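I have placed the structure first, in the form of structure tokens, so that the comments after it can refer back to it.
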Amino acid sequence: MKKLKLLFNVSEAALTAAVFVLVTALVPMDIILKLVSQSVINGNPCLYDALISVNVSTMWGYVVPFVLFYVLYIQKYDLNSAIVIRRKNVRNVWINSQINMVVAAGFFSAYITVVTLTAGYLMTGKVYNWDEKFSKAFMATGDIVQNRPSLWLFIIAFVIEAFAILYVSGTLMMIMWWLTNNQWAGFLAALAVSSFENMAYMGFLTYYYKLRGNIYMNGVQIWRNILYPLILCLAVSLVTTVIIRRKDFFR
């Protein structure tokens, strides 16, 4: 048992390092492809634009699949039959899985924010330029932005929305895995939902609060961009916990 746990810890460390390397490489690459390389057509980007771009596209296209795969791997140990029997209570098993999901979502959302801020500033060379002609905001709206959104509020909204994307997707994966007893069914279901949310004009979960181009006109809204994703996470947690409590895991 100790050898198995040691092997798992080594494998988890290697997978964690791999996810870090991929995120660190893909976020700057996506900023270059989506912002810097198209600056002549779509306007000169800044750090604010990098935060929007990563939230709208990079999170869904690259970060979510890798983080979900990482969570799938670490939860494989926690939902092992021997571990489940040791915990004795089905609800305790789910709560432990939820704790792991919160930790993973919080950890990676913070790391993605740091990578985006660093890469966004280095790639664009400007923190803010929405009040200038030929900026990305000017090209998108046809006018300069009069009211500059607070950078700290922007960062807080980015962290919370990244956390919500990862937590909700991961929890959907876990509940499908739990109900079907098939880990890949949960993984594919979570990818399908996240892909729909990304590609659909109006997704069911994230369209309302996602940082989009409307930030140019409306700025960061406390209710829409901060409180709503937190309420969504709480609602998903409560609903899934109720479902789990009504299921006899051991049959």
Side-chain angles (χ1 to χ4, degrees), residues 19 23 27 30 34 47-68 70-71 75 94-95 97-117 120 149-176 186-187 189-244:
V19 173
V23 171
V27 169
D30 203 55
K34 297 281 176 51
L47 176 60
Y48 281 57
D49 299 312
L51 290 168
I52 293 175
S53 178
V54 171
N55 184 270
V56 170
S57 62
T58 315
M59 281 292 300
W60 301 95
Y62 304 117
V63 177
V64 169
F66 289 126
V67 173
L68 286 182
Y70 171 79
V71 172
Q75 294 289 5
W94 179 253
I95 290 175
S97 297
Q98 283 285 281
I99 292 173
N100 290 337
M101 190 64 246
V102 169
V103 171
F107 191 73
F108 281 107
S109 60
Y111 181 70
I112 291 161
T113 303
V114 172
V115 173
T116 303
L117 290 173
S150 166
L151 178 60
W152 285 110
L153 189 62
F154 213 109
I155 293 173
I156 290 171
F158 181 88
V159 173
I160 291 176
E161 293 185 17
F163 174 84
I165 291 170
L166 295 174
Y167 172 77
V168 172
S169 299
T171 301
L172 290 176
M173 177 184 71
M174 290 162 56
I175 192 68
M176 286 300 298
F187 182 73
L191 285 186
V193 171
S194 62
S195 297
F196 174 80
E197 291 292 320
N198 182 34
M199 294 185 295
Y201 176 71
M202 293 188 65
F204 290 112
L205 301 174
T206 61
Y207 176 81
Y208 184 73
Y209 71 78
K210 195 187 297 184
L211 288 172
R212 295 176 179 267
N214 57 10
I215 299 296
Y216 296 140
M217 303 301 297
N218 303 324
V220 178
Q221 299 173 303
I222 301 295
W223 163 252
R224 180 169 186 165
N225 301 116
I226 294 178
L227 295 180
Y228 179 82
L230 292 176
I231 293 173
L232 176 64
C233 291
L234 180 61
V236 169
S237 177
L238 292 175
V239 170
T240 53
T241 300
V242 169
I243 295 174
I244 290 301

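When a residue number appears, it is its place in the shown sequence, counting from 1. These numbers were taken from a predicted model, which means no experiment stands behind them.
Aromatic ring centroids of Phe108 and Phe163 lie 6.0 Å or more apart.
Between Met176 and Gly186, the shortest heavy-atom distance links the atoms CB-CA, 3.6 Å. The shortest non-hydrogen separation linking Val71 to Met173 is CG1-CE, 3.8 Å. Between Val168 and Cys233 the shortest heavy-atom distance is CG2-SG, 4.4 Å. Ile160 and Pro229 get closest at one heavy-atom pair: CG2-CG, 3.7 Å.
Side-chain contact between Asp49 and Tyr216 is present, with heavy atoms from C-beta onward closer than 4.5 Å. At a threshold of 4.5 Å between non-hydrogen side-chain atoms, the residues Leu47 and Thr116 do not count as touching. Taking 4.5 Å as the limit, every side-chain heavy atom of Ser150 sits out of range of all side-chain heavy atoms of Val220. In this structure, Leu51 and Asn55 have side chains that are not in contact, with every pair of non-hydrogen atoms separated by 4.5 Å or more. Within the 4.5 Å cutoff, no side-chain heavy atoms of Thr171 are placed close to those of Ser237.
For the side-chain contact (heavy atoms from CB on, under 4.5 Å) test, residues two or more places apart in sequence or in another chain that qualify with Ala162 are Met59, Ser109. Here Ile231 pairs with Trp223 under the side-chain contact (heavy atoms from CB on, under 4.5 Å) rule; sequence neighbours left out. For the ring pair (Phe, Tyr, Trp, His ring centres under 6.0 Å) test, residues two or more places apart in sequence or in another chain that qualify with Tyr48 are Tyr128, Trp130, Phe154. Partners of Phe66 under the ring pair (Phe, Tyr, Trp, His ring centres under 6.0 Å) rule, at least two apart in sequence or in another chain, do not exist in this structure. Partners of Thr113 by side-chain contact (heavy atoms from CB on, under 4.5 Å), not counting sequence neighbours, listed by chain and number: Leu117, Ile155, Phe158, Val159.
With hydrogens and angles disregarded, a donor-acceptor distance shorter than 3.5 Å links the side chain of Asn225 to the backbone of Gln221.
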Audit row: Gln98, Tyr167, side-chain hydrogen bond (donor to acceptor under 3.5 Å, both in side chains) steps and yes/no: CA-CA 9 Å; Gln98 283 285 281; Tyr167 172 77; 2.4 Å; yes
